[in-house]
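What follows is a set of notes on a single structure, which appears directly below.
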Amino acid sequence: MMKFPDIDFDAIGRMVDMLDDNQKEKITSMASDLMNHTMNNLNPEDADQNPEDQLLDYTEYFNISDDLVSKLDSDALSALEAASDLAQFYDEIPEADLSASVLFLSKAALITLRNKAGKILKNNQIDGFNSPQFMSLGEFLTQISNLDNKKLNKLLCLTEGQLKKIQNELMQIELLLSRAQFDTIRKEDLDYAKSILIDDQLLLDLANIQKLQMIP
């Protein structure tokens with residue numbers, strides 16, 4: 001079990017630094033609300049004895065398998081942890097805006113997409129993928145839609161069905177990401193994002209993408 005002092009706020013800060021101005025402003029506002037709530041409701045002397053002040057580990061909170069943890073890099077895992085930490089703090093606030101958690105969940109998907117599919121497409125000199133490390137999720141979707149599916153399936157070692165599933169689920173995450181920047185995200189929206197990324201295994205699908213092995 002993780003407690004308030006165990007949260008890696010430095011890691012969360014580094015993740016926030018990578019967001020755009022609209023995303024930073026929204027998270028800053030949420031952090032201010034969270035601090036006010038914490039100062040008004042948390043008794044530090046009781047924190048170690050009260051189970052309600054404890055946070056679940058992010059793998060337990062999102063029900064993330066050991067297999068998935070082993071296949072994601074540290075930045076993606078940090079994003080998932082930040083999403084979990086923020087979501088659990090807001091569990092106690094009725095009608096809380098959980099946009100920050102969805103932003104970090106989406107970032108885990110984007111990081112994995114960049115590191116897997118992005119690198120493969122760059123190394124194969126595919127137009128539009130010269131700098132995948134700087135591409136947004138929307139840019140990935142636009143560029144992928146311009147490619148021949150058969151060529152894309154071959155490069156990423158995916159079947160037609162696998163590619164279609166990944167594209168459809170990424171579009172749903174992109175829609176949630178857009179809403180998180182400009183709208184209010186509720187608990188059911190966060191649960192939906194989690195169901196796509198974890199339960200329906202989008203993150204695992206992205207992490208399993210590998211380059212075509214050339215046969216001599």
Side-chain angles (χ1 to χ4, degrees), residues 11-12 14-20 22-24 26-27 58-59 61-87 98-122 128-129 131-145 147 152 155-158 161-183 185 187-211:
I12 294 177
R14 289 193 295 272
M15 297 295 296
V16 172
D17 288 340
M18 299 171 66
L19 302 174
D20 64 30
N22 286 330
Q23 295 169 330
K24 287 180 181 179
K26 189 147 196 174
I27 290 181
Y58 73 100
T59 58
Y61 183 76
F62 286 130
N63 194 26
I64 300 174
S65 68
D66 291 340
D67 181 40
L68 179 56
V69 170
S70 70
K71 292 179 179 178
L72 296 178
D73 73 7
S74 59
D75 288 338
L77 293 175
S78 292
L80 292 174
E81 184 172 11
S84 168
D85 291 347
L86 291 168
L98 298 173
S99 296
S101 290
V102 168
L103 288 172
F104 282 117
L105 281 178
S106 302
K107 193 162 190 65
L110 178 57
I111 290 169
T112 308
L113 185 62
R114 287 171 172 173
N115 290 343
K116 292 291 187 172
K119 286 184 178 179
I120 293 171
L121 296 173
K122 176 185 177 180
F129 292 92
S131 301
Q133 68 273 26
F134 299 117
M135 294 176 68
S136 68
L137 184 53
E139 289 170 336
F140 263 102
L141 287 169
T142 298
Q143 293 299 329
I144 286 175
S145 68
L147 297 178
L152 192 58
L155 287 172
L156 303 181
C157 293
L158 295 171
Q162 289 172 327
L163 177 60
K164 185 175 181 180
K165 174 182 180 292
I166 288 174
Q167 287 179 295
N168 288 340
E169 291 177 342
L170 284 175
M171 284 190 286
Q172 294 175 65
I173 293 299
E174 169 67 7
L175 179 60
L176 284 170
L177 179 59
S178 178
R179 286 189 53 213
Q181 294 181 64
F182 305 107
D183 199 356
I185 294 294
K187 181 65 164 61
E188 57 267 26
D189 300 310
L190 177 63
D191 289 342
Y192 181 54
K194 180 260 182 183
S195 72
I196 295 171
L197 291 164
I198 308 300
D199 302 338
D200 292 341
Q201 300 188 330
L202 174 58
L203 270 178
L204 186 60
D205 290 340
L206 295 174
N208 281 335
I209 288 176
Q210 56 185 336
K211 65 181 180 180

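Computation of the quantities below employed the complete heavy-atom set of this structure, encompassing side-chain atoms and omitting hydrogens, waters and symmetry-equivalent molecules.
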Could you check whether any side-chain heavy atom of Glu139 comes within less than 4.5 Å of a side-chain heavy atom of Thr142, counting everything from C-beta outward?
no
Smallest heavy-atom separation, Pro132 atom then Gly118 atom, equals CG-O, 3.5 Å
For Leu190 and Ala87, the nearest pair of non-hydrogen atoms, with its separation, is CD2-CB, 3.6 Å
query = Do Leu77 and Thr59 have side-chain heavy atoms sitting under 4.5 Å apart?
reply = no
Rounded to the nearest 0.5 angstrom, the CD1-CG distance for Ile64 and Leu204 is 11.5 Å
Check: Does any N or O in the side chain of Ser178 come within less than 3.5 Å of the main-chain N or O of Glu174, such that one atom is a donor and the other an acceptor?
Finding: no
Is there a donor-acceptor contact under 3.5 Å from the side chain of Asp200 to the main chain of Leu202? no
Heavy-atom closest pair (Ile120 atom, Ile209 atom, distance to 0.1 Å) is CD1-CG2, 3.8 Å
Are Leu98 and Val102 packed together at the side-chain level, in the sense that at least one heavy-atom pair is separated by less than 4.5 angstrom? no
Value for OG (Ser195) from CD (Glu169), rounded to nearest 0.5 Å, stands at 8.5 Å
So CD1 of Ile185 and CG of Leu103: to nearest 0.5 Å the spacing works out to 8.5 Å
Note: Ile111 and Ala76 closest approach over all heavy atoms is CD1-N, 3.9 Å
The reported gap from NZ in Lys165 to CD1 in Ile196 (rounded to nearest 0.5 angstrom) is 9.5 Å
- Message: Determine whether a donor-acceptor pair (N or O, by modelled atom type, separation under 3.5 Å) exists between the side chain of Arg114 and the backbone of Met135.
- Response: yes
dist Leu206:CG -> Asn115:CG (nearest 0.5 Å) comes out at 10.5 Å
Note to self: Taking the side chain as everything from C-beta on, heavy atoms only, tell me whether Leu147 gets closer than 4.5 Å to Phe129.
What the structure shows: yes
On a heavy-atom basis, the closest approach of Leu137 and Leu113 is CD1-CD2, 3.9 Å
By side chain to side chain donor-acceptor pair (under 3.5 Å), Tyr192 pairs with (sequence neighbours left out) Gln172
Quiz item: Would you say Leu170 and Phe140 make side-chain contact, with heavy atoms under 4.5 Å?
Solution: no
Across all chains, not counting sequence neighbours, the side chain to side chain donor-acceptor pair (under 3.5 Å) partners of Lys194 are Asp199
Between Leu105 and Ala193, the two heavy atoms sitting closest are CD1-CB, 4.0 Å
Check: Does some side-chain heavy atom of Asp205 sit less than 4.5 Å from a side-chain heavy atom of Gln162?
Finding: no
Evaluate the side-chain proximity of Leu203 to Leu80: yes if any heavy-atom separation is below 4.5 Å, no if none is. yes
When rounded to the nearest 0.5 Å, the distance separating CD of Glu81 from CZ of Phe62 is 10.5 Å
